[in-house]
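Written below as structure tokens is the structure these notes are about.
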Amino acid sequence: MSVRYGVKLRKKHEEIRRKQKQVYLCPKCGKLKVKRIDFAQWTCKACGVVFAGGAFEPFTSIGAAAGKTSV
Ligand SMILES: [Zn+2]
């Protein structure tokens, strides 16, 4: 029983790790070059824009609603 619980936790952890490693579309230049540099901090390797987003994803529904673009 405890084994099943552990697997579930690891799966969730892997999902977060994959999201952190994933590259995302840049809101400024549109290239697939956005990477996470710090907690909720994202940068585009193509145009160099740095912006705040979600902890594990650059764009969350909350962030979009707040309109956090400082460009
Ligand atoms: Zn860019």
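In this text, all values refer to a predicted model and were calculated from it rather than measured experimentally.
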Side-chain donor-acceptor distances from residues 36-48 under 3.5 Å, at least two apart:
| residue | atom | partner | partner atom | Å |
| --- | --- | --- | --- | --- |
| R36 | NE | A55 | O | 2.9 |
| W42 | NE1 | G54 | O | 3.0 |
| T43 | OG1 | V49 | O | 3.2 |

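- Among residues two or more places apart in sequence or in another chain, the side chain to side chain donor-acceptor pair (under 3.5 Å) test is passed with K19 by E57.
- Counting side-chain heavy-atom gaps under 4.5 Å among Ile, Leu, Val, Met, Phe, Trp and Tyr, the cluster of I16 also holds F56.
- Of all heavy-atom pairs between P27 and V34, the closest is CD-CG2, 4.3 Å.
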